[in-house]
> 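Below: one structure in structure tokens.
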Amino acid sequence: MTAHQPRPTLSILIASHNHDCSRLIADLSAQCTRLKTSGGALCEIIVGDDASDNTQTLQANREACAACGVKFVEMAQNVGKANLDNLLADESAGEWLMFIDDEDE
């Protein structure tokens, strides 16, 4: 985030491990854009990958984040969900934090 951009009100944080969450990323990004253009809250989305070894899902998430302007954080080794959530919180700039599971279940 650069100095001239306003601070987001909401940080949406998604911790992922070997799960393709590209649809979730695209859907949330579109919702954040609609919210911003309607004069609502400013949002940021940060996706954290916990050292996925499934290269297909990892690449899908990378591409979705790049296409949507979403920050993507990759861990070199698996740190576990709780630790990744804490790392994502540290990366966030929003006043409010929303943690979303990457799984469909």
Side-chain angles (χ1 to χ4, degrees):
M1 177 163 314
T2 61
H4 68 281
Q5 292 179 325
R7 178 179 176 190
T9 302
L10 175 64
S11 295
I12 302 171
L13 310 174
I14 305 168
S16 180
H17 179 74
N18 286 329
H19 185 80
D20 181 349
C21 53
S22 57
R23 183 173 164 192
L24 175 63
I25 294 164
D27 289 347
L28 286 172
S29 179
Q31 291 174 32
C32 287
T33 299
R34 283 194 303 273
L35 185 61
K36 179 183 175 186
T37 58
S38 69
L42 200 66
C43 302
E44 72 174 344
I45 302 169
I46 305 173
V47 177
D49 180 79
D50 200 7
S52 292
D53 54 9
N54 183 322
T55 56
Q56 287 179 307
T57 60
L58 182 59
Q59 188 60 30
N61 291 340
R62 280 183 190 138
E63 290 173 5
C65 286
C68 295
V70 168
K71 186 173 186 176
F72 189 62
V73 178
E74 290 184 58
M75 303 308 298
Q77 62 184 25
N78 190 285
V79 296
K81 180 157 176 19
N83 287 330
L84 184 55
D85 283 347
N86 288 330
L87 290 166
L88 292 175
D90 290 343
E91 289 285 324
S92 69
E95 179 180 357
W96 298 96
L97 305 180
M98 178 188 295
F99 294 91
I100 297 182
D101 290 335
D102 71 341
E103 308 244 351
D104 295 330
E105 301 168 18

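When a residue number appears, it is its place in the shown sequence, counting from 1. This is a predicted model, so every value here is computed, not measured.
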> Main chain of T57, side chain of D20: is a donor-acceptor contact present, judged purely on distance under 3.5 Å?
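No; judged by distance alone, with no hydrogens or angles, the pair does not exist.
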> So, S29 side chain and I25 main chain: donor-acceptor pair closer than 3.5 Å or not?
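Absent.
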> Starting from W96, can I reach V70 by hopping between I/L/V/M/F/W/Y residues whose side chains sit under 4.5 Å apart?
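Hydrophobic grouping puts V70 with W96.
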> What are the two closest non-hydrogen atoms of L35 and C43, and how far apart are they?
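Heavy-atom minimum between the residues: CD2-SG, 3.8 Å.
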> Give every residue pair that meets the salt bridge (Lys or Arg N to Asp or Glu O under 4.0 Å) criterion with at least one member in residues 34-43, sequence neighbours excluded.
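Sorted pair list comes back empty.
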> I'd like to know if F72 and L97 are part of one continuous hydrophobic network [Ile/Leu/Val/Met/Phe/Trp/Tyr, side-chain heavy atoms within less than 4.5 Å].
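Hydrophobic grouping puts L97 apart from F72.
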> Roughly how far, to the nearest 0.5 Å, is CD of Q77 from CG of D50?
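Interatomic distance, D50 CG to Q77 CD, rounded to 0.5 Å: 9.5 Å.
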> If the condition is side-chain hydrogen bond (donor to acceptor under 3.5 Å, both in side chains), which residues does S92 pass it with, not counting sequence neighbours?
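Result, side-chain hydrogen bond (donor to acceptor under 3.5 Å, both in side chains) vs S92: none returned.
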> Over all heavy atoms of both residues, which pair between T9 and A41 is shortest? Give the atoms and the distance, please.
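In terms of heavy atoms, the two residues are closest at CB-CB, 3.9 Å.
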> Do L84 and L13 belong together in a cluster built from hydrophobic side chains that touch within less than 4.5 Å?
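Yes, it is one cluster - the side chains of L84 and L13 are joined through contacts under 4.5 Å.
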> Kindly write out the residues that satisfy side chain to side chain contact (heavy atoms under 4.5 Å, CB included) with A26, not counting sequence neighbours, or none if the list is empty.
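So A26 forms a side chain to side chain contact (heavy atoms under 4.5 Å, CB included) with C68.
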> Can you list the residues that meet the side chain to side chain contact (heavy atoms under 4.5 Å, CB included) rule with L28, with sequence neighbours excluded?
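I12, I14, L24, Q31, I45, I100.
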> Does either side chain, that of S52 or that of N54, offer a donor lying less than 3.5 Å from an acceptor on the other one?
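No - no donor-acceptor pair under 3.5 Å links their side chains.
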> To the closest 0.5 Å, what do you measure between CG (N83) and CE (M75)?
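Taking CG in N83 and CE in M75, the distance rounds to 8.5 Å.
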> Under the side-chain hydrogen bond (donor to acceptor under 3.5 Å, both in side chains) test, which residues partner D53, sequence neighbours left out?
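Listed in chain order: N18.
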> When rounded to the nearest 0.5 angstrom, what is the spacing between NE2 in H17 and CG in N61?
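So the NE2 of H17 and the CG of N61 are separated by 12.0 Å.
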> Among residues at least two apart in sequence or on other chains, which ones pass side-chain hydrogen bond (donor to acceptor under 3.5 Å, both in side chains) with Q59?
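With sequence neighbours excluded, Q59 shows a side-chain hydrogen bond (donor to acceptor under 3.5 Å, both in side chains) to R62, E63, given in chain and number order.
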> At their closest point, which heavy atom of C21 faces which heavy atom of V47, and how far apart are they?
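The answer is SG-CG1, 4.4 Å.
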> Taking only residues two or more places apart in sequence or in another chain, which ones pass side-chain hydrogen bond (donor to acceptor under 3.5 Å, both in side chains) with R23?
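For R23 there are no side-chain hydrogen bond (donor to acceptor under 3.5 Å, both in side chains) partners, ignoring immediate neighbours.
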> V73, L10: one ILVMFWY side-chain cluster at the under-4.5 Å cut-off?
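In one cluster: no.
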> Tell me which pairs pass salt bridge (Lys or Arg N to Asp or Glu O under 4.0 Å) where either residue lies in residues 80-99, with sequence neighbours left out.
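Qualifying pairs: K71-E91, K81-D85, K81-D101.
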